[in-house]
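Notes follow once the structure below has been shown.
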Protein chains: 2
Amino acid sequence: MGMDLIDRKLLELLQSDATMPVAELAQKVNLSQTPCWKRVQRLKEAGVIRAQVALCDPRKLGVGTTVFVAVRTNQHTEEWAQMFTRAVQAIPEVVEVYRMSGETDYLLRVVVSDIDDYDRVYKLLIHAVPLYDVSSSFAMEQIKYSTALPVRETAIT
Amino acid sequence: MGMDLIDRKLLELLQSDATMPVAELAQKVNLSQTPCWKRVQRLKEAGVIRAQVALCDPRKLGVGTTVFVAVRTNQHTEEWAQMFTRAVQAIPEVVEVYRMSGETDYLLRVVVSDIDDYDRVYKLLIHAVPLYDVSSSFAMEQIKYSTALPVRETAIT
DNA sequence: AATGAAAGGCGCGACAC
DNA sequence: GTGTCGCGCCTTTCATT
């Protein structure tokens with residue numbers, strides 16, 4: 001089954017504000033409440049909408065500094081990968097982790113309060129799992145941060 | 001004003017699931033509904049809780065591939081910075097942008113469906129603003145992605 | 001002064017049409 | 001897909017310590 005213009009519009013709206021009442025949502029997509037609500041339910045059941053969460057201000061929580069950590073390993077085994085995955089999952093300051101192509105094996109985004117705080121997380125990480133090489137780059141400013149994914153025609157339900 | 005253990009617990013809970021009714025929330029922090037609700041309101045008004053949004057599945061929206069783009073500029077002016085900021089803000093595929101220290105000036109996270117799709121976004125970007133150097137790294141796998149920030153004692157309201 | 005308990009407004013979630 | 005109804009949650013007020 002595909003996803004039409006109305007579903008895409010609904011996703012755009014809910015990705016920017018999930019507190020919006022169904023009545024308002026329905027009005028914005030030129031629909032009545034019930035079919036609008038049914039569409040939203042369908043999108044949730046299909047797993048297109050995964051969750052509904054509160055977003056916090058990093059600075060107000062004392063984690064206004066982002067550090068990107070490029071990690072290289074010399075143990076390309078399944079065991080090491082699992083150990084690494086568990087380690088980063090267990091550290092809440094590590095908010096994003098990607099397995100990369102090219103030079104660096106893994107790229108981490110870490111949120112901390114300052115450089116000293118980063119050193120704490122760094123030590124946590126290297127004690128939890130052996131790393132061949134670690135390169136840290138500090139972000140001076142967050143220009144854009146969006147949890148809203150682009151919704152195009154190619155999407156599938 | 002500070003933030004106590006209960007507020008921190010509330011933030012943890014709401015960052016993982018904002019659909020949770022206040023009654024359940026109150027129970028989990030050993031409080032009654034009203035004081036619990038008032039605390040949540042305070043956190044919203046203080047801007048600690050910035051928004052409440054729906055999170056979507058990238059693959060189901062056809063943007064399962066993440067590309068990190070390292071950008072260098074040779075025009076270190078305010079005008080260029082503003083132009084660049086406006087450009088990345090206007091492209092929905094660019095979901096995160098950081099001004100970096102070190103070699104690369106800016107780091108972008110871009111979500112696309114595949115390599116051809118990335119080329120489209122790449123062209124959009126270089127046509128919108130002059131870039132001295134662009135280096136793209138593809139992510140093979142998303143190991144971790146969390147919008148939940150760590151909540152520690154150092155937090156301030 | 002901040003919490004706990006109770007009452008009203010209102011949006012969510014199922015029915016027929 | 002549209003309109004209607006009932007249930008349950010959010011929100012407010014009052015009494016309490």
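Here is the naming used below: chain letters follow the sequence lines, and residue numbers restart at 1 for every chain. Remember, predicted model here, so these are calculated numbers, not experimental data.
Rounded to a whole Å, the CE atom of B/M20 is 16 Å from the C1' atom of D/dC10. Distance, B/R42 CZ to C/dA1 P: 15 Å, rounded to whole Å. Between the CD atom of A/E24 and the C1' atom of C/dC12 there is a distance of 15 Å, given to the nearest Å. Atom pair B/K38:NZ and D/dT11:P shows a separation of 13 Å (rounding to whole Å applied). Across the protein-nucleic acid pair, B/Q41 atom CD and C/dA2 atom P stand 16 Å apart, rounded to whole Å. Spacing between atom CG of B/L25 and atom P of D/dT11 amounts to 12 Å, rounded to whole angstrom units. Atoms CD (A/Q33) and P (C/dG11) sit 8 Å apart, rounded to a whole Å. C/dA5 atom P lies 13 Å from atom CD of B/Q27, rounded to whole Å.
Side-chain atoms of A/K28 do not come within 3.5 Å of backbone N or O of A/L13 as any donor-acceptor pair.
Residue contacts shown for A/P35 include a base, since a base heavy atom lies under 4.0 Å away.
Between B/R39 and C/dA2 there is no side-chain polar atom (N or O) within less than 4.0 angstrom of OP1 or OP2. Between B/W37 and D/dT11, a side-chain N or O to OP1/OP2 separation shorter than 4.0 Å is present.
The aromatic rings of A/F84 and A/W80 sit parallel to each other, their planes meeting at less than 30°, with 60° as the upper class boundary.
Summarising the local packing, CD of A/Q27 is surrounded by 12 or fewer heavy atoms from other residues, nucleotides or ligands at distances under 6.0 Å.
A donor-acceptor contact under 3.5 angstrom links the side-chain atoms of A/T34 to the base of D/dG3.
Note that CD of A/E153 is 10.5 Å distant from CE of A/M3, once rounded to the nearest 0.5 Å.
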